[in-house]
Amino acid sequence: MALDGPAERRDEVQVAMGNGNGLALAQPSRPAGRAAAATGHTDRRLRPNPNAEHKPQDYSDVRGEYAPAVYSALERHLPPSLLDADRDVKLQFMRDILARYWPQGERNKVQRHKEYRQRILHLYKPLHEELYNMHPSAFFLPAFLEAVKRNSEESFRSIMKEPIPGVYSFAMLQPTFCEMLLEEVENFEKWVHAMKFKIMRPNTMNKYGAVLDDFGLEAMLNQFMEQFIAPISRVFYPEVGGGTLDSHHAFVVEYGKDRDVELGFHVDDSEVTLNVCLGKQFSGGELYFRGIRCENHVNSETQHEEMYDYTHIPGQAVLHHGRHRHGARATSSGLRINLLLWCRSSVFREMKKYQKDFPSWCGECQRGKRERQSQCVKATKMAFLRGSGGAMI
Ligand SMILES: O=C(O)CCC(=O)C(=O)O
Ligand SMILES: [Fe+2]
């Protein structure tokens with residue numbers, strides 16, 4: 001039975017994408033052939049295992065998107081016939097391969113984003129300098145810090161509620177930190193407006209809000225993730241790379257009059273999402289959750305027990321799977337500003353490409369498995385009853 005609420009019935013589930021950090025690699029569109037043809041080498045496949053005896057050449061003078069170490073490492077995977085070729089031939093071959101993994105259009109986008117950030121960092125003058133370095137006792141509530149210090153499932157659970165599996169809510173941030181961050185965002189937006197700068201929005205689904213990483217908070221928020229989210233996600237989300245978080249996309253979203261009103265049904269481009277309400281005063285804006293799904297089942301029905309609505313409270317955090325389907329209801333009055341930290345694991349994303357069996361964390365995959373098992377038990381019972389002449393034992 002489909003139990004989707006009114007807000008999410010209209011559309012298919014979207015994948016909210018951040019402008020991110022440009023680290024995601026596109027799949028190569030065709031095998032590495034052109035470079036080999038151009039260089040006259042017919043053996044054009046990279047070797048899956050590196051040639052450990054081969055000593056790569058020095059590429060330290062090579063400038064571009066990739067560090068010289070990438071070329072040295074890749075050289076060990078070159079086809080044997082190319083290993084002793086001229087350095088320029090090898091370099092061209094490798095550049096050609098890398099270009100197919102990271103297409104020109106994508107590279108231009110990343111380059112533009114890099115320049116955008118550099119311009120802001122150069123020109124923007126922060127309002128609260130103290131936000132740009134990690135000060136745990138000024139940022140976090142004592143009970144939260146104590147739980148992280150004790151670093152155990154028990155200590156985390158002692159400060160958290162888990163209203164439905166995989167969603168954790170807890171008091172996290174100091175009110176003064178929330179206020180200062182709100183003021184910093186406001187100051188940044190005023191500056192953007194005064195400079196007639198075209199601001200990049202947090203993701204494909206928001207028209208308002210700002211990316212915190214773009215105006216100097218990236219290093220602090222990386223520590224935020226590594227020291228205060230990763231210990232928790234290691235315990236609660238090991239199956240989706242919670243133990244190997246290594247990058248993030250951090251932003252604020254803004255809802256209310258003259259801002260975004262609601263947020264459609266979606267999954268995040270993250271493994272683990274932290275969502276903290278910073279304020280100010282508002283009504284509405286509840287988050288609705290509708291079950292965790294893999295790519296194959298993202299539009300499947302919601303089960304009754306998967307439905308959960310969460311009401312935001314300033315300072316309170318919600319932690320959830322990136323693939324936990326959710327949306328935000330209309331903020332009906334006032335202004336709601338939330339801090340979002342989309343935490344990602346490159347290891348998990350790489351491993352997923354090779355995974356053959358169903359993901360244990362997808363609600364629909366689990367349901368399918370349970371159903372198959374129950375069919376199997378039924379069929380075995382029937383066969384047994386037939387074999388024993390229908391006598392019940
Ligand atoms: O508005 C909210 O609290 C939800 C925001 C969200 O889900 C997102 O930005 O990915
Ligand atoms: Fe989201």
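As a basis for the values below, the full set of heavy atoms in this structure was taken, side chains included, without hydrogen atoms, waters or symmetry mates. Start at 1 and go down the list; that is how both ligands and their atoms are numbered.
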Residue Phe251 vicinity, atoms of ligand 1 by number, heavy atom under 4.0 Å:
9 (O)

Quick note on ligand 1: atoms under 4.0 Å from a heavy atom of Asn338 include exactly 3 (O)

Heavy-atom closest pair (Gly242 atom, Ser233 atom, distance to 0.1 Å) is O-OG, 2.7 Å

Only N/O/S atoms count here: what is the atom of His326 closest to the Fe ion (ligand 2) called?
NE2

Give the residue and atom name of whichever protein heavy atom lies nearest to atom 1 (O) of ligand 1, and the separation in Å to one decimal.
Arg336 NH2, 2.9 Å

Using a strict cut-off of 4.0 Å, indicate which atoms of ligand 1 neighbour a heavy atom of Trp342.
10 (O)

Using heavy atoms and a threshold below 4.0 Å, how should the contact between Thr273 and ligand 1 be classified: side chain, backbone, both, or neither?
neither

Can an N or O of Asn206 be found at a distance shorter than 3.5 Å from an N or O of ligand 1?
no

To which protein heavy atom is atom 10 (O) of ligand 1 closest, and what is the distance rounded to 0.1 Å?
Asp268 OD1, 3.0 Å

Using every non-hydrogen atom in the two residues, find where Trp361 and Arg323 come nearest and quote the distance to one decimal.
CH2-CD, 3.8 Å

Taking only heavy atoms of Leu287 into account, list the atoms of ligand 1 that are under 4.0 Å away from them.
2 (C), 3 (O), 4 (C)

Just to confirm my output: which protein heavy-atom neighbour is closest to atom 6 (C) of ligand 1, and how far is it?
Leu263 CD2, 3.3 Å

Pull out every atom of ligand 1 sitting under 4.0 Å from any heavy atom of Tyr255, numbered as shown with elements.
1 (O)

Assess, by modelled atom type and distance only, whether the side chains of Asn338 and Arg336 contain a donor and an acceptor separated by less than 3.5 Å.
yes

Output yes when Lys207 and Glu254 qualify as a salt bridge under the 4.0 Å nitrogen-oxygen rule, no when they do not.
no

Hydrophobic cluster identity match, Val318 and Val272, side-chain contacts under 4.5 Å:
no

Please report which non-hydrogen protein atom sits nearest to atom 7 (O) of ligand 1, along with the residue it belongs to and the distance in Å to one decimal place.
His326 NE2, 3.0 Å

Should the ring pair Tyr308 and Tyr310 be called parallel, tilted or perpendicular, given that the plane angle runs from 0 to 90° and is split at 30 and 60?
tilted

Between the CZ atom in Arg117 and the CD atom in Glu218, the distance rounded to the nearest 0.5 Å is 4.5 Å

Determine whether the side chain, the backbone, both or neither of Ala328 has a heavy atom under 4.0 Å from any heavy atom of ligand 1.
side chain

Decide whether Arg344 and Ser247 meet the rule of one side-chain donor and one side-chain acceptor closer than 3.5 Å.
no

Ring centres under 6.0 angstrom apart (Tyr116, Phe215)
no

As a test of reading the structure, name the N/O/S atom of Asp268 that is nearest the Fe ion (ligand 2).
OD1

For Pro202 and Phe251, which heavy atoms make the closest approach, and how far apart are they?
CB-CD1, 3.2 Å

So which bit of His266 gets within less than 4.0 Å of ligand 1, heavy atoms only: side chain, backbone, both or neither?
side chain

